[in-house]
Structures are given as C-alpha cells and as structure tokens.
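Below is one structure; the comments refer to it alone.
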Amino acid sequence: MQTKIPCVIMRGGTSRGPFFYTPDLPADVPTRDAVLLSGMGSPHEIQVDGIGGSHSVTSKVAMISKSRHPGADVDYLFAQVQINESFVDTKPNCGNMLVAVGPFAIDAGLVPAKNGETIVRIFNVNTQTLVDAIVQTPGGKVTYEGKAAIDGVPGTAAPVGINFKGGIGSVTQKMLPTGKPSDIIDGVEVSCVDIAMPIVLMRAEAFGKTGHETAVELDADRETVQRMETIRRKAGTLMGMGDVSKRVVPKMALLSAPRKGGTIASRFFVPETCHKSHPVTGTVCIASACAIPGTVASQIAPLSPAPQGMVRIEHPSGMIIIDLDVDFTGGKQALRRAALIRTARRIFEGQVCVPEHVWAGKRASQPTAATA
C-alpha cells in the first residue's frame, strides 16, 4: 500500500519542484522529511524512484499554508532535498521557488484573486521575512501566459513581480557575519555577506578564472571546486554557522567585471555545482554587496548612492536584473527595495505516492491546489 499526497509541480524562475499544502504533510518534522525524501527519490544520484530531477535546482520543495503572521497572506517553507544524502535542509530560502508561491496560493483558494493583478503577501518561514508577489489575474484567475522572458528558461510567460521587504541576516542574523566586509581564507580574499542568502563572495581571478566560463567548464575543474569548498567550510565557521560540510549554505560566488553591459558578472555555486543561471536570493545578496563598502563585490562594481536603480548581473545563461534601493553607508542597514520580474508555470497536478511504511497518511480538512 502507498499513501497518496496531493501536490502540484511548478516552475518558479529557474527552479522546479513539488508544491504542497502544508496540512497535507506530516506535522512532525522527522516524518515530514522522510516523506519528502521518499517522494523526491533521495538518496540516489538520479532520484530514479521519485519525482526529483537529479539536480539541485530540481530537487526543491515548497510547503504553503494560510499565514499565522500579521501582514502576510500565506506562509512559505522551502526545503532543499539533498540528492545523494538522506537530508532535508530548511535553513535557506529559495527565491526562484518563491516566484511560484503567489500563483499556487491563488489557485489553491488561499488568497482571493482580484481582477487584473493580485498582490500576495508571503511570509518566508525559513528566513522570517516578508516578500510581496504581484501575480497577473485577469478576470480573477491566474494566467501563466504572457510575454515576459527570463534568461535560463525557454519561451515566455506572464510576469510575476517579487519585492523583498527584508532579509538582512537571513540565516546568521548579521549582514556581515564575520564582522568585517572582507577576510582572508587560505590566501584568498572573501566577503561573507548574508542578505536574503548567506554567500561567500570571491574574485574569479583568485582561482585563475575569468569569471565568464560556462557552468559546465567550471564543474569540470574539480580541483578548483574542491578548493572553493574548503574555503566555504572555513568561512562557515567564521560566520558562526559551525560545520557546514553537509549543508547547502553558505553558497559561493565567483565575481568578475562584466563583459556584456551588466553591472557585475557572477558564477554562483549551490554549492556543489555551478548554477546554470542565477538564483533570486543570490541576486539580492550580490547586488546589495556591491553597495557595502569594502566587500569584494563593491571593489569590482561599486554602486551609486541610494536608490541604486537597476543592477544587472551577468550569469552563464544571460543576465538577471534587480531594482535596488539600499543604504549601507555609515553603519546603516536599510533595505528598502529589492524587486525583480520573474515567471512561473503550473506543470503538473495530482498526487505523489510514498510507501505506507514511510507514512500511513491523513487527510487535510480543506481542498488543496491539486484538487481545487
């Protein structure tokens, strides 16, 4: 016998994964994690016995419920399901999966749609921050059809506006977790910054790279990747995060001067492989770091005083653009706007099956998006 759990598979930005109505899952964390591992097919390198896509950007889960927090419509808990290990990490946020939260919540009946556009106020449980999503709802229904295009995703779709209304110290509770804008680890200058996502920022040239290599080229250089991983682990300790060897945060990014009209170029590691495009939370952090005096990012691409306006980050698949208004001068820590336009798509709706010995199951008290 197997337990059937309603779910919707959605693409959010450049990520993809199942979306669950939280009450449809086990209430206790160990059983919930066992269900997610089983459903995704982990641990296994190609997740052949589940619905995971055998890549970090397709081994993600979103859990959505009515919000318990004032000023928010829904709560969003993100989980990164490890592919080769029995581990579910809910420490970080995922800004790309977040893009699909608004459309999912409206389709599920958790947020009433307005005619034209609907603002969905999202509380990210992982980072305890608020994000506004602007969803296209002509006639009071979500539309996924449109003319917006994002690099890294084929075709076009309806635009989804995302505006981060917080995120400073998202995991470590500090914008600069080591207390300084830059540190030296193993002879390499690094900046450890935590805005929307904790990231270890480094110059590509410190590793003999231009910073404009493809993701495949960087992944093939295992010696460099391992050297970066060693630095990441030491940075994790300096950031007060302890042993991060089995965790997906902090992330890493190799930065360089732009070549295609952007503000800065980034090769983002997640952390075991180079991202084929660029994460949303990584965009918020790197763009913000360009405005923090003394960081590796600001040394490469110093930004004008607030509001900075459009910041363009070049990545392996093209460019991602963010509208930024931050002030980190003179000890200030003001993030007033970090807004992006992304797209989402509802791909599949139905039920994912897990063995009964993993979870015998229960039923939620209200319809989910899979049955709405």
Listing, residues 282-298 side-chain donor-acceptor contacts under 3.5 Å, not counting sequence neighbours, or none:
from : atom 1 : to   : atom 2 : distance (Å)
T283 : OG1    : H278 : ND1    : 3.1
T283 : OG1    : P279 : O      : 2.8
S288 : OG     : V284 : O      : 2.7
T295 : OG1    : A289 : O      : 2.7
T295 : OG1    : I292 : O      : 3.2
T295 : OG1    : S298 : N      : 3.0
T295 : OG1    : S298 : OG     : 3.2
S298 : OG     : I292 : O      : 2.9
S298 : OG     : G294 : N      : 3.3
S298 : OG     : T295 : N      : 3.1
S298 : OG     : T295 : O      : 3.0

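- Contact check on K209 versus E205 returns no salt bridge, with no Lys/Arg side-chain nitrogen under 4.0 Å from an Asp/Glu carboxylate oxygen.
- With sequence neighbours excluded, no residue forms a salt bridge (Lys or Arg N to Asp or Glu O under 4.0 Å) with R247.
- Contact check for V120 versus I106: side-chain heavy atoms found under the 4.5 Å cut-off.
- The side chain to side chain donor-acceptor pair (under 3.5 Å) search around K251 returns none, not counting sequence neighbours.
- Side-chain atoms of T230 come within 3.5 Å of backbone N or O of Q226 as a donor-acceptor pair.
- With hydrophobic clusters built from ILVMFWY side chains whose heavy atoms lie under 4.5 angstrom apart, V99 does not share a cluster with I119.
- Under a hydrophobic-cluster definition in which Ile, Leu, Val, Met, Phe, Trp and Tyr are linked whenever side-chain heavy atoms come within less than 4.5 Å, directly or via other members, V352 and F348 are assigned to the same cluster.
- Taken to the nearest 0.5 Å, the CG atom of D107 stands 12.0 Å off from the CD1 atom of I64.
- Side-chain contact annotation: D219 with T273, donor-acceptor N/O pair under 3.5 Å absent.
- No donor-acceptor pair closer than 3.5 Å links the side chain of S38 to the backbone N or O of A34.
- Here the shortest heavy-atom pairing between C94 and Y76 reads O-OH, 2.9 Å.
- Minimum interatomic distance between H212 and A265 (heavy atoms only, all atoms of both residues): CE1-CB, 3.6 Å.
- Using modelled atom types, no side-chain atom of N126 and backbone atom of L77 make a donor-acceptor pair closer than 3.5 Å.
- The closest side-chain donor-acceptor pair between R337 and N163, if any, does not fall under 3.5 angstrom.
- Using a 4.0 Å cut-off between charged nitrogen and carboxylate oxygen, E213 and R267 do not count as a salt-bridge pair.
- Separation of atoms CZ (F268) and SG (C274) is listed at 10.0 Å; rounding is to 0.5 Å.
- Considering all non-hydrogen atoms of both residues, G361 and T3 come closest at CA-CG2, 3.6 Å.
- I134 and L98 are members of different hydrophobic clusters when ILVMFWY side chains are connected at heavy-atom separations under 4.5 Å.
- Two residues are said to be in side-chain contact when any heavy atoms from C-beta on lie closer than 4.5 Å; L218 and T224 fail this criterion.
- When each of F20, F19, Y144 is tested with F104 by the rule ring-ring contact (aromatic ring centres under 6.0 Å, His included), just one qualifies, namely F19.
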Start with the C-alpha distance between V280 and F164, add both sets of side-chain angles, then the distance that settles side chain to side chain contact (heavy atoms under 4.5 Å, CB included), and finish with yes or no.
CA-CA 10 Å; V280 170; F164 287 77; 3.5 Å; yes
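- Without hydrogens or angle criteria, T263 side chain to R312 main chain gives a donor-acceptor distance under 3.5 Å.
- Proximity of a side-chain donor or acceptor of Q128 to a complementary backbone N or O of V125 within less than 3.5 Å is detected.
- Judged purely by distance below 3.5 Å, without hydrogens or angles, the side chains of S245 and R232 never pair a donor atom with an acceptor atom.
- When hydrophobic clusters are built by joining Ile, Leu, Val, Met, Phe, Trp and Tyr residues whose side-chain heavy atoms come closer than 4.5 Å, directly or via intermediates, I341 is not grouped with V142.
- Put simply, the side chain of I168 reaches to within 4.5 Å of the side chain of F328, judged on heavy atoms.
- A side-chain donor-acceptor contact under 3.5 Å links Q136 and E117.
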Under the criterion side chain to side chain contact (heavy atoms under 4.5 Å, CB included), I'd like the reasoning laid out for L340 against D323: C-alpha separation, chi angles, the key distance, then a yes or no.
CA-CA 6 Å; L340 304 92; D323 185 6; over 6 Å; no
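- When every heavy atom of A100 is checked against every heavy atom of R11, the shortest pair comes out as CB-O, 3.9 Å.
- Cluster annotation: F269 is not connected to I83 through the hydrophobic network of ILVMFWY side chains, with a link wherever side-chain heavy atoms come within less than 4.5 Å.
- V193 places a side-chain heavy atom less than 4.5 Å from the side chain of L176.
- Residues A235 and V200 come closest through the heavy atom pair CB-CG2, 3.7 Å.
- Annotation: side chain of V188 is in contact with side chain of R227 (closest heavy-atom distance under 4.5 Å).
- A salt bridge does not link D75 to R68: none of the charged nitrogens lies less than 4.0 Å from a carboxylate oxygen.
- Within the 4.5 Å cutoff, no side-chain heavy atoms of S170 are placed close to those of I195.
- The closest donor-acceptor contact from the side chain of D183 to the backbone of I185 lies at 3.5 Å or more, if one exists at all.
- A 6.0 Å sphere centred on CG of D49 holds no more than 12 heavy atoms belonging to other residues, nucleotides or ligands.
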Take T281 and N93 through the side-chain hydrogen bond (donor to acceptor under 3.5 Å, both in side chains) test and state the conclusion after the steps.
CA-CA 7 Å; T281 50; N93 179 20; 5.9 Å; no
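- A distance-only check finds no donor-acceptor pair linking the side chain of Q82 to the backbone of D89 [under 3.5 Å].
- Side chains of S15 and K60: a donor on one and an acceptor on the other come within 3.5 Å.
- Across all their heavy atoms, A149 and T156 have their closest contact at CB-CG2, 4.1 Å.
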Quick one, R16 with M10, criterion side chain to side chain contact (heavy atoms under 4.5 Å, CB included). Give me CA distance, side-chain angles, the key distance, then yes/no.
CA-CA 6 Å; R16 188 191 74 226; M10 300 193 74; over 6 Å; no
Starting from the C-alpha separation in whole Å, work towards a yes-or-no answer on side chain to side chain contact (heavy atoms under 4.5 Å, CB included) for I231 and M228.
CA-CA 5 Å; I231 292 174; M228 292 172 60; 5.7 Å; no
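- A donor-acceptor contact closer than 3.5 angstrom links the side chains of S59 and Q47.
- Residues D194 and T172 bring a donor and an acceptor atom of their side chains to less than 3.5 Å of each other.
- Residues meeting the salt bridge (Lys or Arg N to Asp or Glu O under 4.0 Å) test with R336, sequence neighbours left out: D325.
- For D132, the salt bridge (Lys or Arg N to Asp or Glu O under 4.0 Å) partners two or more places apart in sequence, or in a different chain, are K165.
- Partners of S277 according to the side chain to side chain contact (heavy atoms under 4.5 Å, CB included) rule, which considers only residues two or more places apart in sequence or in another chain, are T14, H275, H315, S317.
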Given the rule in the salt bridge (charged side-chain N to carboxylate O under 4.0 Å, His left out) test, do R259 and E314 qualify, once you have shown the distances and angles that lead to the verdict?
CA-CA 8 Å; R259 288 183 177 177; E314 297 177 6; over 6 Å; no
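- In this structure, the side chains of H55 and K276 come closer than 4.5 Å at one or more pairs of heavy atoms.
- Residues T137 and T143 fail the side-chain proximity criterion, which asks for heavy atoms closer than 4.5 Å.
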